[in-house]
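Only heavy atoms go into these numbers, but all of them, side chains included; no hydrogens, no water, no symmetry mates. All of these numbers come straight from a predicted model, not from anything done at the bench.
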Amino acid sequence: MLLIRSLLFHIAFYSVTFVLVLACMFTLPFHRRHVIAISGIWGRVCTWLFSKIVGGSFEVRHQERIPRDQSLILACKHMSVYETFALLTIIDDPLFILKRELMWIPLFGWAVARGEMIPIDRGARSKTLKSMMQRAKERMKETRQLIIFPEGTRRPVDAEPAYKYGIAYIYKELNVPCYPVAINTGLFWPRQSVLLYPGKVIFEVLPPIEPGLEQAAFFEQVSTMIEENSNRLIAEARAAGGGLPKQ
């Protein structure tokens with residue numbers, strides 16, 4: 001039954017994604033907010049499908065901490081595909097820095113470009129990084145919320161953390177509050193796994209780190225906050241008997 005539910009969700013997920021990417025094509029001549037609105041629908045539909053097909057629930061704790069009229073950084077633990085769409089349900093005007101190869105995907109890349117996301121070459125030199133940062137500063141003038149996964153790629157549950165120092169550079173350059181986000185998604189949609197597991201998916205918005213800290217102090221604080229609180233949410237889910245069995 002677990003395999004059947006997992007396959008049904010994957011079919012529904014990719015079908016919905018394809019349909020909504022097509023819908024974005026009709027908004028390309030208009031303001032980017034139409035693409036952003038569709039991305040929010042994608043997030044809400046996918047979290048609902050996961051709960052109904054795989055089983056369980058989706059809870060966001062302390063969402064009220066996120067101001068609606070301020071540019072900010074959301075720094076989130078990255079364990080699965082789930083957070084890439086679920087985060088779109090808790091903010092109004094998301095901004096992603098993403099690898100440039102995603103822009104080359106037909107239809108999807110066009111929608112991402114219309115949403116004015118920021119592509120980056122992971123092997124870029126300092127000049128390219130400065131150009132990327134300048135674009136980020138311009139976007140943030142429009143009161144957008146920058147979503148960052150400080151580890152850069154998905155990490156398995158219980159794996160050693162691998163936070164990248166780039167988050168500290170971005171924090172210093174943008175000079176806006178950073179809201180760490182702890183999650184437990186890796187228990188329910190494990191990295192590189194077809195099988196999905198039922199249970200309570202929890203996102204917790206942690207107290208903000210205000211601008212002005214030294215980069216080293218910020219890096220230590222944000223990585224510790226995300227890691228310790230994500231571990232707490234994972235332990236909570238395991239105690240409730242949900243998610244991927246502990247190896």
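One distance of note links CG of Leu174 with CD1 of Ile148; it measures 7.0 Å at 0.5 Å rounding. Here the straight-line distance linking atom CG of Asp158 with atom CD1 of Ile234 works out to 6.5 Å at 0.5 Å rounding. The CG atom of Leu95 sits 11.0 Å away from the CG atom of Leu74 when rounded to the nearest 0.5 Å. Expressed to the nearest 0.5 Å, how far CG of Leu206 lies from CE of Met225 amounts to 5.0 Å. Within the model, atoms CZ of Phe219 and CG of Leu213 stand 14.0 Å from one another, a figure rounded to the nearest 0.5 Å. With rounding to the nearest 0.5 Å, the separation of CD1 in Ile167 from CD1 in Ile73 is 5.5 Å.
Between Met79 and Val157, the closest side-chain pair of non-hydrogen atoms falls below 4.5 Å. Gln145 has its side chain out of reach of Tyr179: every pair of non-hydrogen atoms, C-beta onward, lies at least 4.5 Å apart. Using a 4.5 Å cut-off on side-chain heavy atoms (C-beta onward), Glu64 and Val205 make no contact. By the 4.5 Å heavy-atom criterion applied to side chains, Glu59 and Val201 are not counted as neighbours. Residues Cys178 and Pro208 are not in side-chain contact: their nearest non-hydrogen atoms beyond the backbone lie 4.5 Å or more apart. Counting heavy atoms from C-beta on, the side chains of Ile147 and Ile91 come closer than 4.5 Å. Put simply, the side chain of Leu87 does not reach to within 4.5 Å of the side chain of Pro94, judged on heavy atoms. Residues Asn231 and Glu228 have side chains not in contact (no heavy-atom distance under 4.5 Å, counting atoms from C-beta outward).
Proximity of a side-chain donor or acceptor of Lys164 to a complementary backbone N or O of Pro150 within less than 3.5 Å is not detected. Within the 3.5 Å criterion, the main-chain N or O of Gly212 finds a donor-acceptor partner in the side chain of Tyr171. The closest donor-acceptor contact from the side chain of Ser6 to the backbone of Leu196 lies under 3.5 Å. Tyr197 places no side-chain N or O within 3.5 Å of a backbone atom of Pro190 that could act as its donor or acceptor partner. Using modelled atom types, one side-chain atom of Arg139 and one backbone atom of Glu116 make a donor-acceptor pair closer than 3.5 Å. Side-chain atoms of Thr89 never come within 3.5 Å of backbone atoms of Gly43 as a donor-acceptor pair (strictly under, hydrogens ignored).
Within 6.0 Å of NZ on Lys137 lie more than 12 heavy atoms contributed by other residues, nucleotides or ligands. Sparse packing is recorded around CD of Glu160, with 12 or fewer heavy atoms of other residues, nucleotides or ligands lying under 6.0 Å away.
Checking Arg155, Glu83, Glu151, Arg191 one by one against His78, the side chain to side chain donor-acceptor pair (under 3.5 Å) holds for a single residue, Glu83.
Side-chain atoms of Tyr163 and Glu227 form a donor-acceptor pair, as typed in the model, at a separation below 3.5 Å.
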Verify salt bridge (charged side-chain N to carboxylate O under 4.0 Å, His left out) between Arg135 and Glu138, making sure each step is shown before the conclusion. CA-CA 5 Å; Arg135 280 178 286 171; Glu138 290 297 320; over 6 Å; no

Kindly indicate, with the supporting measurements, whether the criterion side chain to side chain contact (heavy atoms under 4.5 Å, CB included) is fulfilled by Ile97 and Ile170. CA-CA 11 Å; Ile97 296 175; Ile170 292 171; 4.2 Å; yes

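Heavy-atom minimum distance, Ser230 versus Lys77: OG-CB, 3.6 Å. Nearest heavy-atom pair, Asn184 versus Leu233, reported as atom, atom and distance to 0.1 Å: ND2-O, 3.6 Å. For the residue pair Ile118 and Ala136, the shortest heavy atom distance occurs at CD1-CA, 3.4 Å. In plain terms, the two heavy atoms of Gln63 and Arg68 that are nearest each other are NE2-NH2, 3.3 Å. The two residues Phe188 and Ala237 have their closest heavy-atom pair at CZ-CB, 3.9 Å. Closest approach of Ser57 to Ser51, counting heavy atoms only: CA-OG, 3.7 Å.
Listed by first then second residue, pairs satisfying side-chain hydrogen bond (donor to acceptor under 3.5 Å, both in side chains) with a partner in residues 204-221 read Glu204-Arg232, Glu220-Thr224, not counting sequence neighbours.
Using a 30° and 60° split on the angle between ring planes, Tyr82 and Phe203 fall in the tilted class, from 30° to 60°. Ring pair Phe96/Phe149 is tilted by interplanar angle, where 30° to 60° counts as tilted.
The hydrophobic cluster containing Ile202 does not contain Val54, counting ILVMFWY residues as joined when their side-chain heavy atoms lie under 4.5 angstrom apart, directly or transitively.
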For residues 15-40, please give each side-chain donor-acceptor pair under 3.5 Å, one per line with the distance, not counting sequence neighbours.
unit_1 : atom_1 : unit_2 : atom_2 : d
Ser15  : OG     : Ile11  : O      : 2.7
Thr17  : OG1    : Phe13  : O      : 2.7
Thr17  : OG1    : Trp42  : NE1    : 2.8
Thr27  : OG1    : Cys24  : O      : 2.7
His31  : ND1    : Arg33  : N      : 3.1
Arg32  : NE     : Glu142 : OE1    : 3.3
Arg32  : NH1    : Asp93  : OD1    : 2.8
Arg32  : NH1    : Asp93  : OD2    : 3.2
Arg32  : NH2    : Asp93  : OD2    : 3.0
Arg32  : NH2    : Glu142 : OE1    : 2.7
Arg33  : NH2    : Asp93  : OD2    : 3.2
Ser39  : OG     : Ile36  : O      : 2.6

